[in-house]
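One structure is given here, and the rest of the page talks about it.
The sequence lines fix the lettering, A, B, ..., with proteins before strands; numbering per chain opens at 1.
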Amino acid sequence: MRLTQYFIPTLKEIPADAVIPSHQLMLRAGMIRLLGAGIYSFLPLGYRVLKKVETIIREEMDAIGGMEFHLPALNPKDVWEETGRVEAFGDTMFHLKNRELVLAPTHEEIITSIARSFVRSYRDMPQIWYQIQTKFRNEPRPKSGVIRSRQFTMKDAYSLDNSPEGLDASYDKHVEAYKRIYSRCGLKFFIVGASSGAMGGSGSQEFMVESDAGEDLCAFNMETGYAANIEIASSKIEPVGRLDENPDAEKFATPDARTIDDLIEQFSIPDERCAKSLVYFADGEPYLIFMAGNDQLNEEKLKTALGAIEVRPAHDEELAGITGADSGSIGPINLKSKIKQIADVRIQNANGMVSGANENGFHYKNIDLDRDADISAYHDLRTVLEGEPDPVGGKPLSVKKAIEVGHVFKLGTKYSDSMKALFLDDKGEEHPIIMGSYGIGVERIVACHIEQRHDKDGIMWHPSIAPFQIQITALKYESDVTREHADRFYNELTEAGLEVLFDDREGVSPGFKFKDADLLGMPVNVIVGEKHLKDGNVEIKIRETGERKITPIDDVAAVCKQLVDELGKVEL
RNA sequence: CGGGGCGUGGCUCAGCCCGGUAGAGCGCUCGGUUCGGGACCGAGAGGUCGGAAGUUCAAAUCUUCUCGCCCCGACCA
């Protein structure tokens, strides 16, 4: 492709609205343009990359027996009512104003509606159905360029099985396919156990790319292999346990203690002997929750523990009404109204605890949670911290930020139950289809690739998804000798099956062309200039390493092909 | 949704506090020189200062409302 005939609006300066490297570089390299908050146009160069990622995904999905569909993005609302997900998605789902239609944020319902019409027998399964499609989510705050946007491309796959073992097999196939997909896209990634959230189901894992731009935290230990999203990560932290002495609970004045830290400081109480009390509403119902000391409540775990769709902390006015005190003086004893109580397992059956007296400025000490509180259940509710022993091998956990590039779920029968997608087994008995759901964020792969592969000058594409594998930079294209050779290389390389971006601009200074080439980041740059041509050579530069190979004119095609092959090798 | 910031030519920004002829650099067009790391000289084109209302003799500048974008938080398969 000749640059003079192609549309690549590069930017010399960093756009003010872009913060993270991938966003800045995608704008500067002329890959994308913003249309509205979280809405991006893909320009030719960016779309080439997107299509290459999609091709890799297709190849790997087809390789595990997947069949590609193309489902509508515009969906009748009542299909979504069947599973209760209009409510579950809430404001995240776009609703049309002039029809009872929604824009699909994912496609479980549509797949299930097809399955219930046509999949009747256990003999019809397994099936793997997938599509690569535009999804719409009304993100409250789009950010980081294409990493969190309101319209994006997702590869979503669904497995249909007639047994739990079948689901396991389908799930494992997807995990293997996903590993190949990310590896082939030149990404370094890791897999963590994850919460299944609003998707429902029994198990899920996320494919993560470590990045400061990430919105998820993951806890892991390389040695033991434990890895989990912080939303579900647990640790082998010591339980608080019971003290031998167990005197009656006793009220004492704490006029200046509003926080756990105040209590620790002013009354020399060990932090784990403080029972922090929180009031949360889960789907509208209030709960009093006890945590040890300064342990952080994990809202995702709370949702799972209570089976709730939505949880939120109580407001100050609500606190006073329920407990009789403001936050900071809340506890299990002397509550103003009856409220369900739950606690973190770390303080299960603990005594000798200090907690609020439900009267501003007072706390109780010597609280025995068994004796003095009315706790209906203990759950793992705390957020793990870096350095705590991991639950597998007891080795210290690391906590890192990461971007989610894929998510696989064992859905089970959540959707087939509610939508009555049933099949007959070999005994003639009716069962709901056992489903799995598997997503990949296509734009996120591109953004993460750039996050991982860039330097101060620009992008460093892996050949597998580079928009072009080769760039030819013709310095002073207007000179006859340069033009003659550059044209020749362009033809030779193209005929050799390589994708070539040919900078054939005239009257553009060498420095300008070099800077553009580094920004665009094709893996191999063939620099055609009189300096080396007069000796019968050209310079071939490898973008990633900066290595320059002075190459005889006649060897250019062969050397380029070899370099692209070498640079494109991946471990599978 | 809460907090903060920003909207001035295609891009990056100055001007606003203290009202009085709309600016710079880059980019773009034309002519010439230059040509291996974002060249130089000369001549040009290009802006309802996000929008609306108000105050004023006079508004980019002050007031109110509104729209948009970004950041932090809340939220997020």
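- For the pair A/H95/A/K77, a side-chain contact is recorded, criterion being any heavy-atom separation below 4.5 Å from C-beta on.
- Pairing for B/A45 is absent, with no Watson-Crick or G-U wobble pair whose two atom distances lie under 3.5 Å.
- Across every strand in view, B/A39 sits in a pair with B/U33 that passes the Watson-Crick or G-U test at under 3.5 angstrom.
- Summarising the base pairing, B/U61 is matched to no nucleotide, lacking a Watson-Crick or G-U wobble pair whose two defining distances lie under 3.5 Å.
- One C1' atom belongs to B/A24, the other to B/U8, and the distance between them is 12 Å to the nearest Å.
- A gap of 11 Å separates the C1' atoms of B/G7 and B/G51, to the nearest Å.
- The residue among A/A18 and A/L519 whose nearest nucleotide of RNA chain B lies closer to the 5′ end is A/L519.
- Backbone-only contact: A/E299 has heavy atoms under 4.0 Å from sugar-phosphate atoms and none from a base.
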task: Would you please test A/R444 and A/I403 for side-chain contact (heavy atoms from CB on, under 4.5 Å) and show each step?
output: CA-CA 8 Å; A/R444 281 189 182 183; A/I403 298 168; 4.2 Å; yes
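- The gap from the P atom of B/G38 to that of B/A22 amounts to 38 Å, rounded to the nearest Å.
- What separates CD of A/E231 from P of B/C76 is a distance of 9 Å, to the nearest Å.
- Checking B/U56 for Watson-Crick or G-U wobble geometry (two distances, each under 3.5 Å) identifies no partner in any strand.
- Rounded to the nearest Å, the gap between the C1' atom of B/A45 and that of B/G31 is 15 Å.
- Put simply, the side chain of A/M460 does not reach to within 4.5 Å of the side chain of A/I450, judged on heavy atoms.
- Where A/R505 and A/G441 each meet RNA chain B at their nearest nucleotide, the meeting point lying more 5' is that of A/R505.
- When Watson-Crick and G-U wobble pairs are counted only if both distances are under 3.5 Å, B/C76 pairs with no nucleotide at all.
- Nucleic acid contact class of A/D516 (heavy atoms, under 4.0 Å, all strands): base.
- As a whole-Å value, the separation of A/Q24 CD from B/C11 P is 16 Å.
- Side-chain atoms of A/K155 and A/Y130, non-hydrogen and from C-beta on, do get closer than 4.5 Å to each other.
- Here A/Y438 lies out of heavy-atom contact (under 4.0 Å) with every strand.
- Nucleotides B/G19 and B/A60 have their C1' atoms positioned 10 Å apart, rounded to a whole Å.
- Between atom CD of residue A/Q127 and atom CD1 of residue A/I111 there is a gap of 10.0 Å, rounded to the nearest 0.5 Å.
- Using a 4.0 Å heavy-atom cutoff across all strands shown, A/P15 reaches sugar-phosphate atoms only and no base atom.
- Across the protein-nucleic acid pair, A/I20 atom CD1 and B/C72 atom P stand 10 Å apart, rounded to whole Å.
- Across all strands shown, B/C69 forms a Watson-Crick or G-U wobble pair with B/G5, both key distances being under 3.5 Å.
- Pairing for B/A14 is absent, judged as Watson-Crick or G-U wobble with the two contacts each under 3.5 Å.
- Atom CG of A/L11 is separated from atom P of B/G10 by 13 Å (rounded to the nearest Å).
- As judged by a 4.0 angstrom heavy-atom cut-off over every strand, A/R150 is placed among residues making no nucleic acid contact.
- Spacing between atom CZ of A/R312 and atom P of B/G2 amounts to 16 Å, rounded to whole angstrom units.
- Residue A/R148 places no side-chain N or O under 4.0 Å from the OP1 or OP2 atom of B/C75.
- A/E451 and A/H454 are not linked by any side-chain donor-acceptor pair at a separation below 3.5 angstrom, with hydrogens and angles left out of the test.
- Between B/C76 and A/K303, a contact under 4.0 Å exists linking OP1 or OP2 to a side-chain N or O.
- Looking only at atom types and distance, the side chain of A/K135 has a donor-acceptor partner in the side chain of A/H107 under 3.5 Å away.
- Checked against ring-ring contact (aromatic ring centres under 6.0 Å, His included), A/Y490 has the following partners two or more places apart in sequence or in another chain: A/F502.
- Taking the C1' atom of each, B/C57 and B/C65 are spaced 26 Å apart, rounded to whole Å.
- At whole-Å resolution of the value, CG in A/L27 and C1' in B/U12 are 14 Å apart.
- Distance A/F136 CZ to B/C76 C1': 18 Å, rounded to the nearest Å.
- Side-chain contact between A/Y158 and A/E108 is present, with at least one heavy-atom pair separated by less than 4.5 Å.
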message: I need a per-nucleotide contact map over nucleotides 22-37 of chain B, read 5' to 3'. Cutoff is protein heavy atoms under 4.0 Å; write B for the base, S for backbone only, - otherwise.
response: ---BS--------BBB
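- Between B/C71, B/C76, B/C70, one nucleotide has an atom nearer to the side chain of A/E139 than all others, and that is B/C76.
- With ring centers used as reference points, A/F69 lies under 6.0 Å from A/W129.
- Per the geometry, CZ belonging to A/R33 stands 17 Å off P belonging to B/C69, to the nearest Å.
- As rounded to the nearest Å, B/C13 and B/A52 have C1' atoms that lie 27 Å from one another.
- The separation of B/A74 from B/G10, taken at their C1' atoms, amounts to 37 Å, rounded to a whole angstrom.
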